[in-house]
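First the proteins, then the strands, lettered A, B, ... as listed; each starts at 1. What you see below is based on every heavy atom in this structure, not just the backbone, and it leaves out hydrogens, waters and symmetry mates. Given the structure is predicted, the values throughout are model-derived calculations rather than measurements.
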Amino acid sequence: MSPEERDLLKRCARGDESAYRELVERFERPLIQFIVRYVDDRSLAEDLFQDTFVRVLKNLRTYRPEGAFSTWLYTIARNLCLDHIKHVRKVKMTSMDTPVGEEGGKVLYLQDVLRDGGPAPEARAELSEEEETVRACLGQLAPVKKEALILRVYHNFSYQEIAEITDCPVGTAKYRVHEAMQDLGTLVRAAADGPAEEAL
Amino acid sequence: MSCAATLKHLPAMVLGDLEGADRDAAVAHLRDCASCRSERARLESVLSAAKRLPAPEPSGSRRERVVAAMAAAAEDAPQAEAPRRGWLRFTMAAAVLLAVFGTWGVATGRFGLAAPAFELVAEDVAGEALVLRAGGSAWEPLVPGAPVRMGDRVLTNGGRAWFRSTADDRIVLADASQIMINRQDIAHPSLMLVYGELWAEITPRTTGHVRFESPEGDGFAEVLGTRFHLEYR
């Protein structure tokens with residue numbers, strides 16, 4: 001950790017709001033992108049982004065800088081994302097085919113009225129078909145693989161750093177990244193082949 | 001190198017991780033195998049598309065919102081006895097836990113209450129803490145040394161309370177919080193965090209376990225060891 005970063009954290013621990021702002025500004029771009037890609041829901045990602053910094057602040061007193069601050073920050077963000085994913089799994093599910101109302105004589109189903117959490121329509125329109133498929137398939141990866149791939153591909157973390165953030169051995173981190181890439185390729189292929197198979 | 005082995009190495013290769021003899025052998029195979037070359041091109045295309053996916057940009061309003069939340073958290077944070085004691089803090093933002101066990105291995109029946117009845121004794125009180133006795137209708141001040149038994153509720157209002165249980169568990173109830181001893185079962189006593197925040201350090205049992213509950217059944221928790229922090233707002 002650089003002396004400048006250490007000083008910034010000390011100011012944060014003392015309650016200096018300008019230090020909060022500096023800290024958020026410094027990590028905003030990569031961290032919000034990490035969280036958005038992890039949970040694939042921009043609105044939720046905004047909440048988790050905020051929660052990450054609040055938790056950083058709450059834990060600053062006990063933080064012992066043994067590695068890079070960014071590694072600790074991503075660990076907190078990752079744990080919050082995982083907490084959310086585990087919580088969602090406990091939430092009672094409602095079928096997307098559930099009728100929720102009627103409009104102009106036509107029955108409206110849940111899937112018609114729910115925002116799916118992905119990019120807004122205007123943003124989606126900018127994605128190529130392949131990009132849209134890849135985005136959807138990323139969301140289908142197992143969380144431990146997806147997080148490893150995101151940290152590697154989008155954030156250029158070393159396997160050592162990925163291992164620290166995801167709390168696993170370095171070899172496991174590397175294996176997960178490669179498996180995620182393999183799975184992503186398989187999922188994209190299956191998505192591309194899907195309509196043809198149905199036609200058969 | 002065979003097609004199968006080459007295909008196995010392709011993810012590492014497109015990510016730039018394949019080195020040494022494996023890489024040389026894979027490259028040699030790809031020179032002669034159109035099928036594997038096609039698969040490599042496909043994976044590279046997937047990776048390239050993944051890298052092109054848009055992501056949110058920095059935003060001044062987001063920054064200010066986060067800074068405000070940090071400032072509010074700094075103001076609300078109780079003076080941290082728990083961290084000073086080196087307790088593991090575990091925070092949950094919304095719905096809390098169904099049950100937290102004093103330690104792992106509950107199912108084995110290796111843990112349980114040493115004492116025949118479970119109650120808390122207030123060791124110290126800072127600021128205002130009130131107790132509502134089971135069956136009672138009036139809150140009364142909680143004083144150090146007072147017991148808290150089955151059905152009793154305790155709330156803090158501008159204060160904090162420290163408890164020790166008959167099984168030597170330690171509980172710290174934060175400000176603006178309420179707890180209730182919810183079940184008097186010798187083997188499985190239960191403490192409900194009605195709302196607010198507490199720290200707990202649980203003594204390992206020889207049989208049975210202790211439960212911590214929230215009034216809502218739709219929650220979860222993870223606990224490492226016997227020290228944790230719960231929050232339910």
Side-chain angles (χ1 to χ4, degrees), chain A residues 12 15 17-18 20-21 23-25 28-29 32-34 36-37 42 45-46 49-59 61-62 80 83 86-87 89-92 119 123 126-128 130-135 137-138 149 152-154 159 174 177-185 188-189, chain B residues 7-18 39-40 42-60 62-77 80 82-84 86-89 91-95 98 217-222 229:
Chain A
C12 285
E17 281 194 27
S18 68
Y20 299 165
R21 193 168 288 105
L23 185 72
V24 174
E25 194 168 354
E28 182 185 3
R29 180 190 296 267
I32 188 67
Q33 294 187 351
F34 169 70
V36 164
R37 288 188 167 116
R42 293 197 182 203
E46 296 286 353
F49 178 78
Q50 177 174 310
D51 291 348
T52 299
F53 282 97
V54 168
R55 190 168 286 193
V56 162
L57 193 62
K58 285 185 172 179
N59 288 283
R61 290 184 188 188
T62 52
L80 285 168
D83 285 350
K86 288 175 185 171
H87 176 66
R89 285 178 181 164
K90 297 229 177 228
V91 171
K92 183 182 172 190
E126 295 168 4
L127 296 180
S128 69
E130 183 184 31
E131 289 163 355
E132 180 56 45
T133 303
V134 169
R135 187 197 70 80
C137 292
L138 265 174
L149 188 68
R152 181 67 177 166
V153 169
Y154 296 106
Y159 286 111
K174 199 168 188 176
V177 171
H178 296 165
E179 280 284 294
M181 191 65 231
Q182 182 75 62
D183 291 355
L184 186 61
V188 170
R189 186 209 300 266
Chain B
L7 292 175
K8 187 182 158 198
H9 285 308
L10 281 184
M13 179 176 254
V14 300
L15 289 163
D17 293 334
L18 195 62
E39 182 59 19
R40 180 183 64 178
R42 204 182 62 77
L43 262 191
E44 285 173 340
S45 176
V46 168
L47 181 60
S48 173
K51 286 180 174 174
R52 290 196 305 271
L53 291 179
E57 291 299 315
S59 130
R62 176 193 300 130
R63 248 186 329 267
E64 290 312 309
R65 192 173 60 246
V66 174
V67 168
M70 292 170 80
E75 284 178 13
D76 290 348
R84 277 209 305 275
W87 290 6
L88 172 68
R89 298 187 64 187
T91 307
M92 295 188 300
L98 298 171
D218 193 12
F220 69 95
E222 288 179 349
H229 167 239

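- Both the backbone and the side chain of A:E17 come within contact range of chain B, each with at least one heavy atom under 4.5 Å from a heavy atom of that chain.
- No donor-acceptor pair closer than 3.5 Å links the side chain of A:Y20 to the backbone N or O of A:L57.
- Heavy atoms closer than 4.5 Å to chain B are found in both the backbone and the side chain of A:V54.
- Contacts between B:S45 and chain A at a heavy-atom distance below 4.5 Å involve backbone atoms as well as side-chain atoms.
- Both the backbone and the side chain of A:F53 come within contact range of chain B, with heavy atoms under 4.5 Å apart.
- Here the side chain of A:E28 pairs a donor or acceptor atom with the backbone of B:S59 at under 3.5 angstrom.
- Residue contact with chain B, scored on non-hydrogen atoms closer than 4.5 Å, involves the backbone and the side chain of A:V177 alike.
- Only the side chain of B:R42 comes within less than 4.5 Å of a heavy atom in chain A; its backbone stays farther off.
- Taking the side chain as every heavy atom from C-beta outward, B:R65 and A:E46 approach each other to under 4.5 Å.
- Residues that satisfy the salt bridge (Lys or Arg N to Asp or Glu O under 4.0 Å) test with A:E130, not counting sequence neighbours, are B:R52.
- Among A:V24, A:T52, A:L23, the residue making the largest number of heavy-atom pairs under 4.5 Å with chain B is A:V24.
- Residue with the most contacts toward chain B among A:L80, A:V188, A:V134: A:V134 (heavy-atom pairs, distance under 4.5 Å).
- Taking 4.0 Å as the cut-off between side-chain N and carboxylate O, B:E39 and A:R189 count as a salt-bridged pair.
- Looking only at side-chain heavy atoms (C-beta outward), A:Q33 and B:E57 come within less than 4.5 Å of each other.
- Side chain of A:R37 to backbone of B:L53: a donor-acceptor contact under 3.5 angstrom is found.
- There is no contact between B:L10 and chain A, counting heavy-atom distances below 4.5 Å.
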